[in-house]
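Protein chains get the first letters and strands the later ones, always in sequence-line order, with residue 1 at the start of each. The model shown is predicted, which means the values in this text are computed figures rather than measured ones.
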Number of protein chains: 2
Amino acid sequence: MAKRNPMTRHRLLLVLAAASCCAARPARADEGMWTFDHFPSAVAKAHDVEIGQPWLDRVRRSIVRLSGCTGSFVSASGLILTNHHCVESCLAQHSTREQSLIDTGVLAARREDELRCETQIADVLVELEEITAQVADATRGLEDRVAKERRRETLTSLEQRCEEASKKASNSLKCEAVTLYGGGQYWLYKYRRYTDLRLAFTPEDSIAAFGGDPDNFQFPRWCLDVALLRAYVDGRAATTPDHLTIDFAGPTAGEPVFVAGHPGSTDRQLTVPELLTLRNDVLPRELLLDSELRGRYIEFAKTGATAERIVRDDLNGLENSIKVERKLLDALLDESLLLRKHDQEAVLRLGVERDPALLKAIGDPWAKIEAAQRTQAAFGLRYRFLERAAGFDSELFRYARRLVRGTAERAKPNTARLREYTDSALPRIEQRLKASVPVYPELEELTLSFSLERMREWLGPDDPLVRRLLATESPDSLAAALVRDSKLADPALRMQLWNGGEPAVAASTDPMIELARSVDPEARALRKREEDEVEAVTELAHEAIAKARFAVLGTTVYPDATFTLRLNVGTVRGWDENGSPVAPFTTLGRLFERATGRAPFALPASWQQARTTLDLDTPFNLSTDNDIVGGNSGSPLIDAKGRIVGLIFDGNIHSIAGAYWFDADKNRAVAVVTAAIREALTKVYRATGLLAELGVRR
Amino acid sequence: MAKRNPMTRHRLLLVLAAASCCAARPARADEGMWTFDHFPSAVAKAHDVEIGQPWLDRVRRSIVRLSGCTGSFVSASGLILTNHHCVESCLAQHSTREQSLIDTGVLAARREDELRCETQIADVLVELEEITAQVADATRGLEDRVAKERRRETLTSLEQRCEEASKKASNSLKCEAVTLYGGGQYWLYKYRRYTDLRLAFTPEDSIAAFGGDPDNFQFPRWCLDVALLRAYVDGRAATTPDHLTIDFAGPTAGEPVFVAGHPGSTDRQLTVPELLTLRNDVLPRELLLDSELRGRYIEFAKTGATAERIVRDDLNGLENSIKVERKLLDALLDESLLLRKHDQEAVLRLGVERDPALLKAIGDPWAKIEAAQRTQAAFGLRYRFLERAAGFDSELFRYARRLVRGTAERAKPNTARLREYTDSALPRIEQRLKASVPVYPELEELTLSFSLERMREWLGPDDPLVRRLLATESPDSLAAALVRDSKLADPALRMQLWNGGEPAVAASTDPMIELARSVDPEARALRKREEDEVEAVTELAHEAIAKARFAVLGTTVYPDATFTLRLNVGTVRGWDENGSPVAPFTTLGRLFERATGRAPFALPASWQQARTTLDLDTPFNLSTDNDIVGGNSGSPLIDAKGRIVGLIFDGNIHSIAGAYWFDADKNRAVAVVTAAIREALTKVYRATGLLAELGVRR
């Protein structure tokens, strides 16, 4: 862990704060991941577009939240448009050692051939209810850790009451408590949930992710990162009158375009000490660990075609993470970013100091956060390896942890449980335990041995837990034994333990269950410490800062992304890269010129065969200045009339720093143009049924 | 590459500089890697020790410079004491797919069994001559790049004249031009060179590096990192009347101790913009690349015992680099270090501003360095991958590059050549080309494919060179073809090309030669740019800063380490680690308690068998506050009487930041106590002959 000198840092901060000269500005026209209840009409008007409540409502009801992604209904029969990379884990689950659906793609000839994604869900936001006042009432005047505990209980019981009420009204909504503005607002978001999702179409990985990791987060770009899922209810295609139509002409350069979706997480409101922890500790460490694992995966993949297939999905995800972490670190190493943050913080603090009532109400939350960062430094590594299970990177261990924790928590009253085991969360846990998903022992051994070895490296060979686990074993030998002897790959056994509850789990001699049991007390103690000494302090402090922000800057601000539904407006346009203009559109023609015949620049046979039939001038991918982030993958790009004109699948390399700030000059979203989707479905895949359903007449 | 905003940084620097309050202090008592011509007697006196010129001369003549390491003569028959890890590559060269001498260790029963290290040399510094004035005369008033060129020519021709003179005097010394104080001084260092070095003894790797990477750079520690080489002249053991005797009792806590050796490189005089380039660009990138390669090596090693053996040496070196780079980055991310550097720079700049003559003479070298850093950012990555060959990580490519470059350079006049191909350097190149060193194709493929793939990642798939090399190949397929078809693993072929000169190399159809040839023009152009636009400016600027330092701070300063001979004095002592005292000695007893039976905590059979005969209270390793750095490995720890009492092999984790500053509170050197060496040679290895030669009578 990086050695830090808090006094010296404090001195640096003071120096920098004293140098601040520029006020924090309100959000720029194209910046902002706005909630649907708070989309400022002025923002749309700045683009010469008027959108009203019906537009907003229809779009909201057409958007679905997928696991880590977004999609949108595009037919009245439950068809959902999203990205190939959003369904990659479903494709992996349906793959075998012999055949990878990621490679081959999927085109269901008939509805009954559509492939069920066992761990996928789709949520549609149907109602929003603000509960800020209730939370404030429940926690008023309480000391930090008591307040945190009470807030947790309050949110769980509000969710529970909401779901009970909805059940009575027979619409069975999922109710989720949502924290916005770092605690400035609390909401109940109510979703209609679809749990039966099936794959209708994906192209081959080699065209969906043409250019692979080298081209990831790059633009110009040539990817058909498209998938079509279908929601089912009671075994039949869902009826979805709320859906968006597709304009297969696509947009034009300079056209205003909206992105609706679920941006996952941004850190634009973090304080400088929090950013420094990311820069000095978190990101360098994660990059080291992830890079080594990348090397292990790649070398493992070279041991044979089977190995290559079974590791592909994990490797893709890992390489994506590495690129993101790299650019996040670059952003934080750029002093101009930290100076900007200092400036903004200084303006806010000055505003607080000039308002005695506000100052009295909120005190110095910045100092509290800085102190909490120092506290965390003392045990953060053990928390990460034990409680966050970074020392036990294995699907089997994750099942074991869920069974050990879940059965213990389930035995408690709902409001007393850890948040991830409340009644509201249990169905999702059961879905995952029950799902028949392949577990590859050789891959389990790889990740488990790697994580044990790195836990020993970072905690040191003399750490008590490391000594206990590795007294007579090496990371390799321990991982091999655990994976060989555990039977948790079997869903029936998992469900037997789950249904048997605490006694069944306590009696189990499965070695992975034994490991999870043996680590649990210490892991829970670390979590308690993290929650009491770090999170409780930090959350209340951010709540206070949010109040200050509303008071000083007004309410025309948007909350950090939290994987909740947001709307943003931008323009189809390129940018200037070191003096060279980047055009906003690519075409199909250049794709063929760029293919080398070797992965990741090899085209699938289907495209090589269709080449002569394709209109090579068809626009393929495009860039816009919409403000998006991971989680927006699969979001529709919508025109002023509410029609889909593109499918977001990535951002350019500058978009990664969007986690901390929006750079209107360089940050660009990247989407597939609808014209290319039609061209591919028509000429390459001849998906006649789907084309008809999407309203394409030939 | 990290995006940087020079204006903003400049602003930060100004702010920080304005806040500076503390003067740069002269070096602390224990700090300082002093040259032998300039060892301040006051420093020794502060330890109540008097050392005179005879002491200094005898020690200097007993120390040898090895490849990247230090050793010392310990008998009159050429016996050299150094570290196991300093001869690991020699052990690897003598290993085969079937047997690793790294594993088994070596004990030559008779002199004729000693194993020749074909690429090892040993240099003893016999004379020093200052040439600062000659260099100043040759470059006075010239523009930066012309001055650099002229300096290069001057140094080469002074070396040449020195060697010719020495040849006439029949003592055939190697003359090397040495730059100290970043250009504040130039010297000719004259060495007696031994080119026939043979291994007499090494223990098994499992005791030499007990604890492996987890314990590397840690203390307390239990390693017998010891090796004995012997220098030969004309096939007979060298006669070395200048040698040090060993005191096998070892030192006591609190005793003053000297370290003489060749610290490799420190960066204590770098300017803040240079440190920021390391922090923001160089170290994060190298850590990413090295960590991924580590993962590839580890996974490769798991494919079988042979693979494990052939990759071991490289993996050890790589893991060492990763730990160093990690702690260097941590040090630079700690603002207290950058603030200290700012303070020191501010004091120096203030001193310059107050001295109009000095100011006129040197101008603003800091601004020049900052500008050169910005210039470099534009092509630094390509320079690294093409000219530094980071995109072609392969022994075969390195042979090819050396043949292509070497034959071309050899055809030029000596003073017109690149510095690494002057007449003085050619014998060493020939030694390496001629050496029969195993090349493992599977390992070559691994590193070459990895480096090609990462070159594509960092330069981008549309870089012209990347496009040319990988137009129809993947990094894997290209690496496989190159390694399969190249014949450069054969020393006879290499010597044939070397002796055939440019025409032979031009006619060669060896694919690795073809690759090296095809990259060469662009690589040379990048080097020219680096030399003209970055190095020329930076070197002259550092020369100016060195002048300023002498003028403002006086001459009681020591130069940055440059792998030239240095002397330092310190004390046997532990330190305080987060409030817990660390004792300066470990004993043999704890070693056996700490063994797990699994690598890297498994003891060799020899030690398990000898366990009951050993005195478990024997001190094993110790820590001192000597100021050392990599390159000091194998340095003797010398008492006031000039006797060896320990063998330096590492530093503690805090010592790594010693690259940038010496932290007297925490920075510790780590050594093997001579008592443990005697105990091991006597009871574990029964090395009767060597013991007698070392003066141990039983």
Report task. Calculate, to the nearest 0.5 Å, the distance between atoms CG and CG belonging to A:Asp330 and B:Asp281 respectively. Result -> 7.5 Å
Report task. Would you give the length of the straight line joining atom CG of B:Leu288 to atom CD of A:Glu325, rounded to the nearest 0.5 angstrom? Result -> 9.5 Å
Report summary line: Sequence neighbours excluded, the answer for salt bridge (Lys or Arg N to Asp or Glu O under 4.0 Å) partners of B:Arg456 is none
Query raised in the report: Of all residues at least two apart in sequence or in a different chain, which pass the salt bridge (Lys or Arg N to Asp or Glu O under 4.0 Å) check with B:Asp290?
Result: none
Query raised in the report: Which atoms of B:Asp476 come close to chain A, meaning under 4.5 Å heavy atom to heavy atom: side chain ones, backbone ones, both, or neither?
Result: side chain
Query raised in the report: Given a strict heavy-atom distance threshold of 4.5 Å, which part of B:Arg467 is in contact with chain A: side chain, backbone, both, or neither?
Result: side chain
Query raised in the report: Is there side-chain contact between B:Ile298 and A:Glu292, with at least one heavy-atom pair below 4.5 Å?
Result: yes
**Report entry** Worked verdict on B:Arg594 versus A:Asp462 for side-chain contact (heavy atoms from CB on, under 4.5 Å)
**Finding:** CA-CA 9 Å; B:Arg594 215 154 165 274; A:Asp462 299 308; 3.0 Å; yes
Query raised in the report: Can a salt bridge be assigned to the pair A:Glu453 and B:Arg598 using a cut-off of 4.0 Å between side-chain N and carboxylate O?
Result: no
Query - Residues A:Arg326, B:Glu457: salt bridge by 4.0 Å N-O rule - result: yes
For the interface with chain A, which of [options] has the highest count of heavy-atom pairs at distances below 4.5 Å?
| options | result |
| --- | --- |
| B:Gly597, B:Gly460, B:Ala602, B:Ser477 | B:Ser477 |
| B:Leu446, B:Asn578, B:Leu332, B:Leu289 | B:Leu446 |
| B:Ser449, B:Pro600, B:Ala471, B:Ala595 | B:Ala471 |

Report task. Quick one: which of A:Lys323, A:Gln218, A:Lys302, A:Glu299 has the most heavy-atom pairs under 4.5 Å with chain B, could you say? Result -> A:Glu299
Region of [X] that comes under 4.5 Å of a non-hydrogen atom in chain B:
| X | result |
| --- | --- |
| A:Arg296 | both |
| A:Ala657 | neither |
| A:Asp213 | side chain |
| A:Thr303 | side chain |
| A:Phe601 | side chain |
| A:Leu293 | neither |
| A:Leu470 | backbone |

Query raised in the report: side-chain contact (heavy atoms from CB on, under 4.5 Å) between B:Thr596 and A:Glu473: does it pass, once the steps are laid out?
Result: CA-CA 7 Å; B:Thr596 66; A:Glu473 298 278 7; over 6 Å; no
Query - CA sep, side-chain torsions, deciding dist, call: B:Leu333, A:Leu333, side-chain contact (heavy atoms from CB on, under 4.5 Å) - result: CA-CA 9 Å; B:Leu333 286 169; A:Leu333 286 169; 3.8 Å; yes
Query raised in the report: Taking all non-hydrogen atoms of both residues, which atom of A:Pro461 and which atom of B:Pro214 are closest, and how far apart?
Result: CG-CB, 4.0 Å
Query - Distance-minimising heavy-atom pair for B:Ser291 and A:Ser291 - result: CB-CB, 3.8 Å
Query raised in the report: Taking it one step at a time, do B:Glu335 and A:Leu276 satisfy side-chain contact (heavy atoms from CB on, under 4.5 Å)?
Result: CA-CA 10 Å; B:Glu335 274 123 19; A:Leu276 287 176; 3.6 Å; yes
